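These notes concern the structure reproduced below.
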Amino acid sequence: MKILRGLFQVVLVASIVVGIGTYPILANYTARAKLIQRVEHDPATARLMGEPGAPIGSAHLMIIDDPKAFLPEFKEEGSPHYVNEAYLREHDIYPLQLRTVEEIAALLRYGALGGILVSIVGLTLLNRRSRRVNNADKKVAA
């Protein structure tokens, strides 16, 4: 029973740490996220037309840490940051969407909540059982 009690206690502590730990991690990623539009950039067309290139999908909040991937000459106030898709492919950079980080953090929190609940129920049942066994021993001794 001591092993089971110890296991429940470890799960309880780990679940609390994971549940609380998601908040600063999510805050870090949120602070690094930018509204990004991936484009197929062609320098000749960009000079001629004055546009960054053909958009790929729509703009999303993403995390890209490589500053060379951005096209700063096309950044205007209120517009998304344009990113050269060819540069991303050449350097094997896959942009991380903030929405993905939020979903994973939510799943971790649900799992942590489940671990906390299971641990509390398990510890409560173990305590009841040990009290019952102790009361039975006292009756036998009397």
Side-chain angles (χ1 to χ4, degrees), residues 1-140:
M1 287 300 155
K2 288 183 180 182
I3 293 173
L4 195 55
R5 184 179 314 277
L7 184 63
F8 279 129
Q9 290 170 344
V10 167
V11 169
L12 179 65
V13 170
S15 297
I16 290 170
V17 168
V18 168
I20 293 171
T22 59
Y23 289 98
I25 292 170
L26 182 59
N28 178 292
Y29 278 105
T30 302
R32 292 170 37 204
K34 299 174 185 157
L35 186 61
I36 293 175
Q37 175 65 57
R38 295 170 26 206
V39 294
E40 288 292 339
H41 180 66
D42 179 24
T45 306
R47 280 192 301 271
L48 183 63
M49 302 296 231
E51 295 178 358
I56 299 172
S58 60
H60 294 285
L61 286 172
M62 295 184 199
I63 296 107
I64 299 177
D65 291 329
D66 189 347
K68 294 178 184 175
F70 293 93
L71 303 171
E73 62 270 17
F74 297 103
K75 179 63 181 135
E76 297 173 8
E77 189 66 35
S79 70
H81 295 269
Y82 293 102
V83 172
N84 186 352
E85 181 67 19
Y87 181 86
L88 295 178
R89 274 190 249 128
E90 286 173 18
H91 294 88
D92 293 325
I93 299 171
Y94 188 79
L96 177 62
Q97 286 193 23
L98 183 61
R99 183 175 175 185
T100 302
V101 176
E102 292 169 342
E103 292 292 325
I104 290 172
L107 290 173
L108 285 170
R109 287 181 193 141
Y110 290 136
L113 180 62
I116 290 169
L117 293 175
V118 166
S119 297
I120 289 172
V121 168
L123 289 170
T124 303
L125 291 175
L126 284 175
N127 285 339
R128 281 187 182 179
R129 184 180 185 283
S130 65
R131 270 186 277 167
R132 225 179 315 145
V133 169
N134 287 340
N135 287 340
D137 288 343
K138 288 178 185 177
K139 287 180 183 178
V140 170

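Predicted model only: the values in this text are computed from it and were never measured. In this chain, numbering begins with 1 at the start of the sequence shown.
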Locate the shortest heavy-atom distance separating [X] from [Y]; write the atom from each residue and the value.
X	Y	result
S15	G115	OG-CA, 3.4 Å
S119	V11	OG-CG1, 3.2 Å
P55	V39	CA-CG1, 3.9 Å

Would you mind reporting whether [Y] and [X] have side-chain heavy atoms less than 4.5 Å apart?
X	Y	answer
L12	I116	yes
L26	R109	yes
R38	M62	yes
I36	I64	yes
I120	F8	no

Measuring from atom [atom1] of [X] to atom [atom2] of [Y], what distance do you get when rounded to the nearest 0.5 angstrom?
X	Y	atom1	atom2	answer
I25	I20	CD1	CD1	12.0 Å
Q97	H60	CD	NE2	5.0 Å
L4	Q9	CG	CD	10.0 Å
L107	T22	CG	OG1	11.0 Å
Y94	I63	OH	CD1	12.0 Å
H91	N84	NE2	CG	10.0 Å

- request: Show the numbers, then the answer: is there a side-chain contact (heavy atoms from CB on, under 4.5 Å) between E40 and I56?
  value: CA-CA 7 Å; E40 288 292 339; I56 299 172; 3.4 Å; yes
- prompt: Would you say Y29 has more than 12 foreign heavy atoms packed within less than 6.0 Å of its OH?
  reply: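 Open: at most 12 neighbouring heavy atoms sit under 6.0 Å from OH of Y29.
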query: Are there more than 12 heavy atoms of other residues, nucleotides or ligands under 6.0 Å from atom CZ of R5?
result: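 For R5, atom CZ is crowded (more than 12 foreign heavy atoms under 6.0 Å).
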Whether Q37 side chain and A59 backbone form a donor-acceptor pair below 3.5 Å: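 Yes: the side chain of Q37 pairs with the backbone of A59.
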